[in-house]
Amino acid sequence: MKLAHLPLRLSIGAYFLNSGLGKRNLEGAAAEGMHGMAVAAMPQLRQLDPPRFAKLLSYSEIALGAALLAPVVPTPLVGLGLTAFGAGLVQLYLKTPGMREPGSIRPTQQGAGLAKDVWLVGAGLTLVLEGLTHGRRRR
């Protein structure tokens with residue numbers, strides 16, 4: 001891992017690890033609400049019951065956070081994981097009713113929290129591209 005990647009990987013990794021640990025024991029109405037939002041954006045998630053969905057989401061966030069924090073995990077690989085996770089959140093934003101202004105991609109007040117997750121896609125793609133081009137010389 002390059003020293004220049006350290007601030008990005010540490011800050012995002014710590015955030016994901018904390019978020020995942022906070023969801024470990026999510027049950028009841030909280031798990032149902034989270035599951036309901038996800039199903040609205042990705043109907044195939046309906047086949048998971050809410051507590052199982054919450055556990056899988058928790059484990060995914062913990063794994064991604066740990067991968068970002070571990071210097072031995074290659075930068076392009078963690079970048080792919082971050083991009084995929086961020087893309088799922090952006091899809092949630094785009095497909096959930098009430099998150100966007102009518103006829104626009106601009107967020108409503110309720111959608112601002114999800115709209116900001118586009119930065120995860122940008123950070124992930126930056127890690128992928130920089131990791132893939134690192135060490136290549138111009139000809």
Side-chain angles (χ1 to χ4, degrees):
M1 175 172 54
K2 288 177 60 175
L3 183 61
H5 299 158
L6 195 61
L8 188 67
R9 288 182 67 163
L10 283 177
S11 60
I12 298 173
Y15 181 86
F16 267 93
L17 189 58
N18 182 62
S19 180
L21 290 171
K23 290 181 178 94
R24 279 180 304 176
N25 300 315
L26 207 58
E27 294 178 351
E32 288 172 14
M34 189 175 298
H35 182 253
M37 259 184 92
V39 167
M42 295 169 247
Q44 62 272 29
L45 294 175
R46 188 177 317 276
Q47 55 191 311
L48 295 173
D49 66 328
R52 179 151 174 80
F53 171 78
K55 281 272 191 227
L56 290 172
L57 181 60
S58 170
Y59 296 154
S60 298
E61 289 183 352
I62 291 169
L64 182 56
L68 282 158
L69 293 171
V72 296
V73 179
T75 296
L77 185 60
V78 295
L80 281 173
L82 188 56
T83 301
F85 201 95
L89 292 172
V90 170
Q91 182 177 357
L92 186 65
Y93 163 71
L94 292 173
K95 291 189 172 188
T96 302
M99 296 291 118
R100 296 179 293 126
E101 298 287 341
S104 173
I105 62 166
R106 293 184 60 213
T108 60
Q109 191 69 24
Q110 297 87 353
L114 282 175
K116 65 152 180 56
D117 289 332
V118 71
W119 64 270
L120 294 173
V121 176
L125 288 174
T126 297
L127 291 173
V128 170
L129 293 173
E130 204 285 327
L132 293 176
T133 59
H134 177 69
R136 291 190 180 174
R137 295 181 183 172
R138 290 186 186 194
R139 294 181 183 207

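Everything quoted here is computed from the prediction, not taken from an experiment.
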Quick one: do [X] and [Y] end up in the same hydrophobic cluster if we chain Ile, Leu, Val, Met, Phe, Trp and Tyr together by side-chain heavy atoms under 4.5 Å apart?
X: L120; Y: M42; result: yes
X: L69; Y: I62; result: yes
X: L92; Y: L94; result: yes
X: V121; Y: L80; result: no
X: L89; Y: L56; result: yes

(request) Provide the full list of side chain to side chain donor-acceptor pair (under 3.5 Å) pairs with a residue in residues 33-58, sequence neighbours left out, each pair given once. (result)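 Output for this query is empty, none listed.
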(request) Only pairs at least two apart or in different chains count here, so list each side chain to side chain donor-acceptor pair (under 3.5 Å) that has a residue in residues 60-87. (result)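 Residue pairs with at least one partner in residues 60-87: H5-T75, R9-T75, S19-E61, K23-E61.
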(request) Only pairs at least two apart or in different chains count here, so list each ring-ring contact (aromatic ring centres under 6.0 Å, His included) that has a residue in residues 55-90. (result)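 As it turns out, the ring-ring contact (aromatic ring centres under 6.0 Å, His included) pairs with a partner in residues 55-90, which skip direct neighbours, are F16-F85.
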(message) Distance check, rounded to the nearest 0.5 Å: Q91 atom CD versus T96 atom OG1?
(response)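 With rounding to 0.5 Å, CD (Q91) is 9.0 Å from OG1 (T96).
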(request) Enter the distance from L82:CG to T126:OG1 here, rounded to the nearest 0.5 Å. (result)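 Those atoms lie 9.5 Å apart.
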(request) Quick one: which residue pairs count as a salt bridge (charged side-chain N to carboxylate O under 4.0 Å, His left out) with a foot in residues 78-97, not counting sequence neighbours? (result)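 Output for this query is empty, none listed.
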(message) For a quick test of reading the model, state the closest non-hydrogen atom pair linking G79 to L127 and the distance between them.
(response)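 What the structure gives for the nearest pair is CA-CB, 3.8 Å.
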(request) Mind listing the closest non-hydrogen atom pair of V78 and A67 along with its distance? (result)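 The pair with the smallest heavy-atom distance is CG1-O, 3.4 Å.
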Under 3.5 Å, which donor-acceptor pairs link side chains of residues 105-113 to any protein atom two or more places apart or in another chain?
unit_1: T108; atom_1: OG1; unit_2: G98; atom_2: O; d: 2.6
unit_1: T108; atom_1: OG1; unit_2: M99; atom_2: O; d: 3.3
unit_1: T108; atom_1: OG1; unit_2: Q110; atom_2: N; d: 3.4
unit_1: T108; atom_1: OG1; unit_2: Q110; atom_2: OE1; d: 3.2
unit_1: T108; atom_1: OG1; unit_2: G111; atom_2: N; d: 3.1

(message) Are the side chains of Y15 and L68 in contact, using a 4.5 Å heavy-atom criterion?
(response)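 Of all side-chain heavy-atom pairs linking Y15 with L68, none is under 4.5 Å.
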(request) Decide yes or no on side chain to side chain contact (heavy atoms under 4.5 Å, CB included) for Y93 and D117, but give the supporting numbers first. (result) CA-CA 9 Å; Y93 163 71; D117 289 332; over 6 Å; no
(message) Please enumerate all residues that pass salt bridge (charged side-chain N to carboxylate O under 4.0 Å, His left out) together with K2, with sequence neighbours excluded.
(response)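 Residues passing salt bridge (charged side-chain N to carboxylate O under 4.0 Å, His left out) with K2: E130.
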